[in-house]
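The structure presented is a predicted model; accordingly, all values stated were derived computationally and were not measured. By convention in this document, chain letters (A, B, ...) are assigned in the order of the sequence lines, proteins followed by strands, and residues within each chain are numbered from 1.
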Protein chains: 2
Amino acid sequence: MKIGELAALTGVSVRSLRYYERQGLIQPFRQDNGYREYSPLAVNTVETIKLYLNLGLSTEEIAGFLHCVLKNKEAFCAEVMPLYRSKLEEIERQLTELNQIKRNLQDRMASILQEQQNEEE
Amino acid sequence: MKIGELAALTGVSVRSLRYYERQGLIQPFRQDNGYREYSPLAVNTVETIKLYLNLGLSTEEIAGFLHCVLKNKEAFCAEVMPLYRSKLEEIERQLTELNQIKRNLQDRMASILQEQQNEEE
DNA sequence: CTTGACCCTGACACCAGTGTCAGGGTTTAT
DNA sequence: ATAAACCCTGACACTGGTGTCAGGGTCAAG
């Protein structure tokens, strides 16, 4: 199938499909006229890419193990667990940071409301 | 004082001080030779900017109320509360998203470990 | 044969604050 | 007077996936 069809089937823009190719995530054949020709399996590949992108992995990280998980179960791919672990740590860090900011914001808002009430009295 | 001194006193790079100026956050005088001349109060201004940047506000947002909070208590500046509210909502959204990713990651990791244990048996 | 719908590549824009370099002036201390 | 340490402006890079435009081929239906 051509790139437009794949885009329609997966909900991924043509632009992004070409980007994934440049990042080494998917390698369509080329027709004589230069058009990309995708196998029907490409739908699955793209869905898999979407899944990992939604997990917060970068295309570069995904490129490191995609060929493996497309052929085997995830548990079989040694590259995956360390990546998940470090990504989880990163998320934890971000959560900690966001929670600090949140608490800080809430404290400041509470102070302001407090002062405004004092003002009204 | 000159820009290098202010940078040393506040821990903010010279580059960033010039950026803050361009964003309208601070307006030093200029000496005849073109050098920026900062009042001693600029230290306080920069510390205040740092505080709001750490709350996740952008320089553009800070520019909207900085002149007010430098003269008055925060509670007096009407611009602040709405900004805090929307920033808090944004943080909540990010927290929700990160927590979803975190849960998703943990589930996948658990599945992998499970399968690997089954394998060993 | 023409029109419209596709396809191709390459390139700029975005977010936002910071680093860094180029190219050039000023000041200060030796 | 010379060198070191500052200062100035302007500009590019970075992050990373996506939108979008320019400029140009291809193909299918009328």
Under 6.0 Å from the CD atom of Glu97(A), do we count more than 12 heavy atoms belonging to anything else shown? no

Between Arg18(A) (CZ) and dC8(C) (C1'), how many Å, whole number? 7 Å

Out of Asn54(B), Ile91(B), Leu95(B), which one pairs with Ile101(A) under the side-chain contact (heavy atoms from CB on, under 4.5 Å) rule? Ile91(B)

Which residue lies toward the 5' end of DNA chain C, Val14(B) or Lys2(B), if each is placed at its nearest nucleotide? Val14(B)

Ser16(A)-Ser13(A) side chain donor-acceptor pair, cut-off 3.5 Å: yes

Salt bridge (Lys or Arg N to Asp or Glu O under 4.0 Å): pairs with one or both residues in residues 45-58 of chain B, sequence neighbours excluded: Glu47(B)-Lys50(B)

Which whole-number value in Å describes the distance from Leu17(A) CG to dG17(D) C1'? 13 Å

Which nucleotide in the set dT18(D), dC7(C), dC7(D) lies at the smallest distance from any side-chain heavy atom of Ile3(A)? dC7(C)

Under a 4.0 Å heavy-atom cut-off, which of residues 30-59 of chain A touch DNA chain C? Arg30(A), Gly34(A), Tyr35(A), Arg36(A)

Derivation of the side-chain hydrogen bond (donor to acceptor under 3.5 Å, both in side chains) call for Arg108(A) and Tyr84(B): CA-CA 9 Å; Arg108(A) 298 186 78 86; Tyr84(B) 278 5; 3.0 Å; yes

Can you find a side chain N or O atom of Arg15(A) that sits less than 4.0 Å from OP1 or OP2 on dG17(D)? no

Check whether more than 12 heavy atoms from other residues, nucleotides or ligands sit under 6.0 Å from atom CD of Glu60(B), and answer yes or no. no

Would you tell me if any nitrogen or oxygen in the side chain of Tyr20(B) comes within less than 4.0 Å of OP1 or OP2 on dG17(C)? no

Side-chain N,O (Ser13(B)) to OP1/OP2 (dT18(C)) below 4.0 Å: no

Under 4.0 Å between a side-chain N/O of Tyr19(A) and OP1 or OP2 of dT18(D), yes or no? no

Rounded to whole Å, please give me the gap between CE in Met1(B) and P in dT27(C). 19 Å

